[in-house]
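Comments concern the structure below.
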Amino acid sequence: MSTTSISNAARERTFAVVDPRTGTEISRRPAFTDADVVAAIDRAHSAYRSWRDTDIADRAEVLHRIADLQAANARELRRLLIHEMGAPPESIGWDFDFDVSMYRWYADHGAELLADEPIDVADGRGMVVKRPLGVILGIIPWNAHVMLTTRFAAPNLIVGNTVLVKPPPQCPESAALMEQLVHAAGVPEGVYTALYSTHEQTEMIIADPRVHAVSFTGSAAGGAAVAEIAGRHLTRVSLELGGSDPFVVLSTDDLAGTVADAVDLRLLVGGQACICAKRFILMDDLYDEFVRLYLEQVRIAGTPDPSVPDDATWTLSSDLAAERLQDQVDRAVAQGATLVGGERAGNIFAPGLLVDVPDDADVHSEELFGPIAIAYRVHDDDEAVEIANGSPYGLGAYVYASEPGRAEAVAERIDSGMCFINRGPDLDAAVCFGGVKASGFGRAHGRWGAEEFLNHRFVRTR
């Protein structure tokens, strides 16, 4: 695609905020034309050298100011996100403290991350020096886009890259506020740009030789499309895709507490998060009581409160999201599964469980993005591992057992990028986050998130 042509599709597309609870359009923002996109890349490329050459201590100071401003504006970000994504108010803001800590962590560790690494070689010494790449594109999904924008932007800004942040189409207002806060903190023009581009313009952006890498978070299908484009243009790519995380209960001395963890992990952001527990794999002697307690707890958790003006309990993000989940549930039931709970009213889904799912049902290999989970009855640890690994996804896993060593032994056999034993996931800026198989490749957070978009340059010193 020519970078000078302006497509009609780009002229006509808009970023509209439609409250998924009511279907009411709240605001509308025009999408970038092709010329707008080229101009944004121009600015990012022009800003790169001066930002790269800015002292690391000065960049760190800017990141601390971004953290301060995001903390001060958390209430307004939360208000915008309730209307943009429709998730329960209690789920919005779970990541704001993490966002602040992410900026601070990279500010505090930037010099360490960029430190040269001496290497002994056969007849002398060398050095690996770490340098930024240039302009980096980040394609961000809607479901936790403040956090996901932060984890993309913070490491790139500290190491000296400039960033183009493509926000989700339904979240333009919160994306605009985040850009304003970044610039108010002292990030120069062109170093951070909210890129209101269309899907059709993605190849144009990735193909531009001034864009050196792309980070994509979203569906497996979307990631495959981005990776294919990036491969054709030899553009570096990092993918964090979906998950169908197993929640394996081998034994427990506290079934009620284990169930409470399961509820929290299934209903995070209304069940619309990649790291949600989506498949409960339960030993036969625990299965019936676990299911009973789970359904009892989610019925309480999933009851809308009409006295709360902003109660958006389990509203999915859009008509399309609700229809997609309904289709998955309908196909599972048609193929022989039983749905317990899971009533739907418009875009609102009550939490529910699919039980007695036949072995050949489609849903075993799908990601359920919403408050519906699958319950499996197993008889031993080997069967639990087999089912856990039976999904094409491999993002996270949760393993519970009361016997010392048993959970660790099972966790070691599960194919995943992360595993949490007798607990939920860590939202910590220093830890490694990412998956395997259809959950993507590349890592976020900590030093791994910074190293995704660095040039590790070998220099022979003598």
So for atom CD, which belongs to Glu412, do other residues, nucleotides or ligands contribute more than 12 heavy atoms lying within a distance under 6.0 Å? no
Arg460 vs Val121 side-chain heavy atoms within contact, under 4.5 Å: yes
Identified ring-ring contact (aromatic ring centres under 6.0 Å, His included) partner of His445 from the options Trp105, Phe98, Phe152: Phe98
Just how far is it from atom CZ of Arg151 to atom OH of Tyr106, taken to the nearest 0.5 Å? 9.5 Å
Would Arg457 and Asp116 count as a salt bridge (charged side-chain N to carboxylate O under 4.0 Å, His left out) if you check the C-alpha gap in whole Å, the side-chain angles of each, and the deciding distance to 0.1 Å? CA-CA 10 Å; Arg457 185 166 177 256; Asp116 296 341; over 6 Å; no
Atom CD in Gln272, atom CG in Leu325: separation rounded to 0.5 Å? 8.5 Å
Side-chain contact, heavy-atom cut-off 4.5 Å: Lys278 with Ser244? yes
Run the side-chain contact (heavy atoms from CB on, under 4.5 Å) test on Arg266 and Phe280 for me, step by step, so that the C-alpha distance in whole Å, both residues' side-chain angles and the decisive distance to 0.1 Å come before the verdict. CA-CA 10 Å; Arg266 173 65 281 211; Phe280 300 135; 4.0 Å; yes
Worked check of side-chain contact (heavy atoms from CB on, under 4.5 Å) between His64 and Asp108: CA-CA 9 Å; His64 275 302; Asp108 291 340; 3.0 Å; yes
Derivation and outcome, side-chain contact (heavy atoms from CB on, under 4.5 Å), residues Leu114 and Leu454: CA-CA 9 Å; Leu114 290 176; Leu454 283 174; 3.8 Å; yes
Leu157 vs Ile66, side-chain contact (heavy atoms from CB on, under 4.5 Å): CA-CA, chis, key distance, verdict: CA-CA 11 Å; Leu157 292 177; Ile66 297 173; 4.3 Å; yes
Indicate the ring-plane relationship of Phe420 and Tyr398, choosing parallel, tilted or perpendicular according to the 30° and 60° boundaries. parallel
Identify whether NZ of Lys or CZ of Arg in Arg29 sits under 6.0 Å from the centre of the six-membered ring of Tyr196 and within 45° of that ring's axis. yes
